[in-house]
Amino acid sequence: MVKVGIIGKPNVGKSTLFSALTAVDVPIADYPFTTVKPNVGIAYVKKKCPHTEFGLVCSPRNSPCVSGTRMLPIELIDVAGLVPGAHEGRGLGNKFLDDLRQADGFIVVIDASGRLDLEGNPSQGADPLADVLFLRDEINHWVAGIIKDGWVRAAKRLGIEKGSVEAEIVKRVTGLGISVNVVSKVMNALQPDLSKPELWGDDDFIRLAEALWNESKPMMIAANKCDAASEDNLERIRKAGYDFVFVSAISELALQRAEKAGAIERDGEDFTVVTTDARQRKGLEYMKENVLRKFGSTGARECLEKLVFDMLDMITVYPVEDENKMSDKDGNVLPDAYLVRRGSTARDLAYAVHTDLGDRFIRAINCRTKRVVGSEYELEDGDIIKIVAHR
Ligand SMILES: Nc1nc2c(ncn2[C@@H]2O[C@H](COP(=O)(O)OP(=O)(O)OP(=O)(O)O)[C@@H](O)[C@H]2O)c(=O)[nH]1
Ligand SMILES: [Mg+2]
């Protein structure tokens with residue numbers, strides 16, 4: 001399953017966003033370090049289910065289908081807040097980031113309202129962009145630390161062969177889900193001195209860490225608390241050149257609760273107030289005007305979908321066993337949907353379903369065209385694929 005980590009300084013609304021996206025109740029409070037242990041939950045991104053095109057009724061197993069919309073599960077991980085100097089043990093340190101080693105991408109929550117300092121304490125006129133800069137620095141130190149751990153001893157063993165240093169780095173970062181290809185690309189670009197790797201300094205490791213990260217871990221900025229942000233702050237964020245979405249996690253959570261309680265009826269990004277309670281009505285109307293009308297949405301779902309579909313460039317494919325019925329062998333129509341990176345091949349899909357299926361791959365059938373395709377066939381969004389394998 002695709003994994004997404006939620007990171008940011010304390011008190012910015014990470015757990016509020018987590019809760020809004022997963023419908024899991026977790027502690028939320030207006031002081032730093034409310035979250036200590038990570039919260040893990042399932043969020044869904046949406047795609048139109050192909051069953052509608054074929055006049056079939058699907059029987060989903062791994063991804064619910066709601067009125068023709070396929071809900072694709074994403075594992076979301078909400079962790080404690082990071083503060084400047086976390087890599088030196090400040091705040092809760094950076095050890096808890098180890099829970100995010102396998103994350104494919106990140107939502108970086110920043111405080112658009114500028115009402116918190118970098119430690120998450122009340123402040124005024126704080127710069128929302130500073131939330132991104134220090135965080136990048138802490139991530140770099142964390143990754144550099146993982147590469148550096150026991151490096152001198154290992155490096156002395158290595159010859160001057162380029163390959164051996166590279167292989168050592170690969171070994172150290174596979175746990176972070178960083179591939180051989182990424183390491184090669186980064187080493188080619190950086191051209192570090194390979195003759196005496198045991199003499200590499202902190203700066204060398206930071207540079208390496210940063211390049212590996214940029215190459216492999218997309219980060220979507222969730223400019224949260226946009227409901228309480230000044231025009232100046234909104235403009236600063238717009239102009240910064242980051243991939244970002246304005247988010248009001250608290251509004252998303254409030255709307256979900258209001259809907260559950262029958263106080264509103266939601267219709268896409270809009271809603272109708274049905275409650276007769278005057279105070280609640282006023283609050284909801286305020287939210288409609290100052291969040292939905294102003295920003296188009298609460299931004300919660302949007303930041304996850306943009307990360308998954310645009311930045312991670314994920315497409316949806318449906319493996320089946322019967323190319324005519326588009327079902328598994330028990331007759332379940334379009335049982336599973338897989339999110340894979342664009343550029344993945346038919347063989348990659350086979351491996352994603354099962355290692356064994358990948359190893360025994362012979363050919364595949366594109367069920368939309370009924371054409372036979374080879375192992376290197378590049379999957380397209382919405383493909384329905386039967387994999388033919390050796391018994
Ligand atoms: N105005 C406003 N407040 C918000 C928003 N999202 C969260 N908050 C408030 O910000 C405070 C912190 O929220 P949390 O979700 O606990 O923040 P966190 O980042 O998980 O905090 P730690 O776990 O302590 O690092 C709470 O008082 C929330 O109600 C938002 O979109 N707008
Ligand atoms: Mg929290």
Side-chain angles (χ1 to χ4, degrees), residues 3-22 26-41 43 76-87 90-101 103-123 126-143 213 217-229 233-234 236-237 240 242-253 298-300 302-304 306-307 311:
K3 287 186 173 48
V4 170
I6 302 181
I7 50 177
K9 71 182 181 186
N11 219 358
V12 280
K14 298 180 296 298
S15 298
T16 309
L17 181 61
F18 171 87
S19 191
L21 287 169
T22 58
V26 293
I28 293 168
D30 64 349
Y31 48 81
F33 305 118
T34 303
T35 308
V36 177
K37 289 235 171 75
N39 298 308
V40 181
L76 219 57
I77 309 149
D78 163 40
V79 295
L82 269 175
V83 299
H87 67 284
R90 300 201 50 226
L92 294 180
N94 68 2
K95 203 65 197 136
F96 64 84
L97 291 177
D98 285 344
D99 291 310
L100 301 173
R101 280 174 182 245
D104 298 285
F106 292 85
I107 295 176
V108 176
V109 184
I110 67 170
D111 172 27
S113 77
R115 293 179 188 175
L116 297 173
D117 65 17
L118 291 179
E119 323 251 301
N121 296 308
S123 172
D127 176 9
L129 301 179
D131 290 9
V132 186
L133 298 177
F134 97 85
L135 195 105
R136 286 304 321 255
D137 194 47
E138 287 305 323
I139 296 269
N140 292 342
H141 276 99
W142 172 55
V143 176
W213 193 262
K217 304 282 185 174
M219 306 225 257
M220 170 59 79
I221 309 288
N224 193 37
K225 309 197 184 186
C226 68
D227 53 277
N233 278 1
L234 296 177
R236 267 182 78 68
I237 294 165
Y242 295 120
D243 291 291
F244 78 97
V245 174
F246 287 127
V247 178
S248 177
I250 205 171
S251 304
E252 180 58 38
L253 203 55
T298 64
E302 203 181 332
C303 74
L304 180 63
K306 280 196 166 163
L307 173 65
M311 297 180 81

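The NE2 atom of His141 sits 9.5 Å away from atom CG of Asn94, with the distance rounded to the nearest 0.5 Å. If you take CZ on Phe18 and OG1 on Thr35, they are separated by 9.0 Å, rounding to the nearest 0.5 Å. Distance check, rounded to the nearest 0.5 Å: CD of Glu119 to CZ of Phe33 gives 7.0 Å. Here OG of Ser15 is found 3.5 Å from CG of Asp78. Values are rounded to the nearest 0.5 Å. For the atom pair CG of Asp117 and CG of Asp131, the computed distance is 9.5 Å after rounding to the nearest 0.5 Å.
Residues Ser113 and Asn233 have side chains not in contact (no heavy-atom distance under 4.5 Å, counting atoms from C-beta outward). The shortest side-chain heavy-atom distance between Leu82 and Leu97 falls under the 4.5 Å cut-off. A 4.5 Å side-chain heavy-atom check between Ile7 and Val79 finds at least one atom pair inside the cut-off.
Here the side chain of Asp243 pairs no donor or acceptor atom with the backbone of Met220 at under 3.5 angstrom. The main-chain N or O of Val12 is found under 3.5 Å from a side-chain atom of Asn224 such that the two form a donor-acceptor pair. A donor-acceptor contact shorter than 3.5 Å is absent between the side chain of Lys9 and the backbone of Asp111. Of the possible donor and acceptor atoms, none in the side chain of Glu138 sits under 3.5 Å from a partner among the backbone N and O of Pro84.
Closest of all the heavy-atom pairs between Asn11 and Pro32 is ND2-N, 3.8 Å. Counting all heavy atoms, side chain and backbone alike, Ala20 lies closest to Ala249 at CB-O, 4.3 Å.
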Where do Met219 and Tyr242 land on the side-chain contact (heavy atoms from CB on, under 4.5 Å) test, with the steps shown first?
CA-CA 9 Å; Met219 306 225 257; Tyr242 295 120; over 6 Å; no
Can you list the steps and then say if Lys306 with Phe244 is a side-chain contact (heavy atoms from CB on, under 4.5 Å)?
CA-CA 9 Å; Lys306 280 196 166 163; Phe244 78 97; over 6 Å; no
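Screening Val247, Ile250, Leu116 for a side-chain contact (heavy atoms from CB on, under 4.5 Å) involving Lys225 leaves a single residue, Leu116. None of Asp98, Leu100, Leu92 except one satisfies the side-chain contact (heavy atoms from CB on, under 4.5 Å) rule with Phe96; the exception is Leu92. The residue from Ile237, Ile107, Ile110 that alone fulfils the side-chain contact (heavy atoms from CB on, under 4.5 Å) condition with Ile221 is Ile110.
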